[in-house]
There are 2 protein chains.
Amino acid sequence: MYQQLKHIDIFKSLSNDALIEISKHVLGVTYPKGTILIHADKIEPYFYILQSGVARAYSDGENQQITFWFGESGSVLFSFNSYINNKPGYENIELLEDCALIQIKLADLFNLYHANIEIANWGRKIAEQELIATERRLIDRSFKGAAERYQDFSNHSPSLLKRVALKHIASYLGVTQVTLSRIRGGK
Amino acid sequence: MYQQLKHIDIFKSLSNDALIEISKHVLGVTYPKGTILIHADKIEPYFYILQSGVARAYSDGENQQITFWFGESGSVLFSFNSYINNKPGYENIELLEDCALIQIKLADLFNLYHANIEIANWGRKIAEQELIATERRLIDRSFKGAAERYQDFSNHSPSLLKRVALKHIASYLGVTQVTLSRIRGGK
DNA sequence: TTCATTTTTTAACAAATGTAAAAGGTGGGC
DNA sequence: GCCCACCTTTTACATTTGTTAAAAAATGAA
C-alpha cells in the first residue's frame, strides 16, 4: 500500500515515515457508478481519496437537488459534519462513474492526527485548501453573472464539463437547467 | 498575557502548556473604527483574534464592494491567501468599530504548528470550522431566497443587524441594497 | 436496430432582482 | 443648532432568471 500512496499527489508533501504510518490504515476500494458513498443525515465513518472517476456532493431540497461539489482524481471526499463535528452530515455523495478510492476510517485518521504532528499539519492544510476554494466560489456568486461562472467552469474543469450531466452543473453554478441552456445557446 | 488568553473562548480547548507556548508570541492591540487591518493584494503577516468590536472582509469589484464575512468577538481574522498559501490575498478587512484584538505573527504561528501537535490540531479545527460555515452559506445561496437569507441572518446575528450598515449586509446576503430594503419593507 | 428512458433545449409567461435617480433620514463636526 | 455627508428607502422601469410545459435530442438496454 505504501508504494501506491507514494504516487498520489495529496501525499507527496509527506515524509516516508508519515506515509508509512498512514499506509497501515488505508484500503484501496472500488465502487460502481451510481453508488451513494456518503449519505445525508448519517454519521459516515470513512474518509476517501478519489483515485479515478468523478463524484458529486448534493443536498436534497423540497423539489430540487443542489449539487455543490464535484470531485475528480486527487479530491478528498467525506461527510463534512461527520468529519468535523462527529454529527450527521447534510450532503450525499454519489459516484458519477465507476471509481477507485483510498479509504481510511475517520477514527484512525484522528488517531494519526493526535499521534503524528506531520500528519496533523497535513490534515490542517487539507481543510485550509478546501476553505479557500469554497470561499472563492461564494465570492464569485456575488461578483460574477451566471454566464461568466459557466465560462470559468468550462475553462477550469473542461473534463467535468464533458463527463457530468448539465443538470448537475447547472445547480453547481447556482442556476436552473433552463438558464444554463440559455447561456450555452448564447442567448 | 496567559491569564488573558485563558478566558477567550477559542483557546478554551487548549491545555495550559499549549496556551503558555502561544502566550509567549501574542500581543494585545487596539485599533480605531475605520482601520483597514488587512489589505488586498498584499501578503499580510499577522493573524488576529477579535476580542471586541466588529469587522468585515470585502473585495473590490469594478463598481461595487462585496462584503463576504463579518467578525464579532471571538472571530479569527486573517488574510486567507497569506495564511494558507503565503501569497497576496483578495480581501480587505475593515474595522467597523473600535476593536481590541489579539495579534500573532503568522511566522510564529506556523512555528508553533510545527513544534506542538496540540496547537497543530487546534489550527486544523479552526480551518475546519470556517470551512463548514462557508460551505453552508454557499449552499444556502442556492436553496434559500433572499428574504429567507435575511431572516436567518437577523435570527442568528441580531447584534450585527444593529451594528452594521445595511449596505454591507445586503452584499453579504448577495443582493443589492434596494432589494434588501424591499425585503425589510415586506414587499 | 428499436424502444423506452433520460437529458437537453426551446418557448411563453411570471416573478424576482437590478439600475438609476430622487427623496427622506441620520449623525458628526463646526 | 445647522449643515454636510452618508445611509436608507422609494419609485419607475429594465433585465435576468425562474416556472411550466412540451418538443427535440441523446442515451442505453434488449
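So you know, we letter chains A, B, ... as the sequences are listed, proteins then strands, and number each from 1. What's counted below: heavy atoms across the whole structure, side chains too, no hydrogens, waters or symmetry copies.
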Nucleotides 18-25 of chain C: protein proximity per nucleotide (B base, S sugar-phosphate only, - neither; heavy atom, under 4.0 Å):
BBB-----
All N/O contacts under 3.5 Å from nucleotides 24-29 of chain D to the protein, with atom names and distances to one decimal?
none

Look at Arg184(B) and dT8(D) and indicate whether a side-chain polar atom (N or O) is within less than 4.0 Å of OP1 or OP2.
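Indeed not, no polar side-chain atom of Arg184(B) lies that close.
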Answer with yes or no after comparing the ring centroid distance for Tyr172(B) and Tyr150(B) against a 6.0 Å cut-off, counting only values under it.
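Centroid separation for Tyr172(B) and Tyr150(B): 6.0 Å or greater.
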Suppose clustering is done on Ile, Leu, Val, Met, Phe, Trp and Tyr with side-chain heavy atoms closer than 4.5 Å. Which residues sit in the same group as Tyr58(A)?
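Ile36(A), all in the cluster of Tyr58(A).
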Under 3.5 Å side-chain donor-acceptor pair for [X] and [Y]:
{"X": "Glu128(A)", "Y": "Asn85(B)", "answer": "no"}
{"X": "Glu118(A)", "Y": "Ser15(A)", "answer": "yes"}
{"X": "Asn81(B)", "Y": "Glu91(B)", "answer": "no"}

For His156(B), does the NE2 atom sit with more than 12 other heavy atoms under 6.0 Å from it, leaving out its own atoms?
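Open.
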Close residues, residues 139-171 of chain A, relative to DNA chain C [heavy-atom separation under 4.0 Å]
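Of all residues in residues 139-171 of chain A, the ones placing a heavy atom under 4.0 Å from DNA chain C are Ala165(A), Leu166(A), Lys167(A).
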Contacts of Glu21(B) that satisfy salt bridge (Lys or Arg N to Asp or Glu O under 4.0 Å) - sequence neighbours left out:
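Residues passing salt bridge (Lys or Arg N to Asp or Glu O under 4.0 Å) with Glu21(B): Lys24(B).
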How many whole angstroms separate atom CG of Leu96(A) from atom C1' of dT7(C)?
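The answer, rounded to whole Å, is 14 Å.
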Once you round it to whole Å, what is the distance between C1' of dT9(C) and CD1 of Ile183(A)?
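Nearest whole value for this atom pair: 14 Å.
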Contact check, side chains of Ile169(A) and Phe70(A), non-hydrogen atoms, under 4.5 Å
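Touching, per the 4.5 Å side-chain cut-off.
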With a 4.5 Å limit on heavy-atom distance, are the side chains of Asn92(A) and Gln65(A) in contact?
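A side-chain contact under 4.5 Å is absent here.
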By the salt bridge (Lys or Arg N to Asp or Glu O under 4.0 Å) test, which pairs, at least two apart or in different chains, include something from residues 151-170 of chain B?
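Applying salt bridge (Lys or Arg N to Asp or Glu O under 4.0 Å) to every pair that reaches into residues 151-170 of chain B, excluding sequence neighbours, yields Glu72(B)-Arg163(B), Glu97(B)-Arg163(B), Lys144(B)-Asp152(B).
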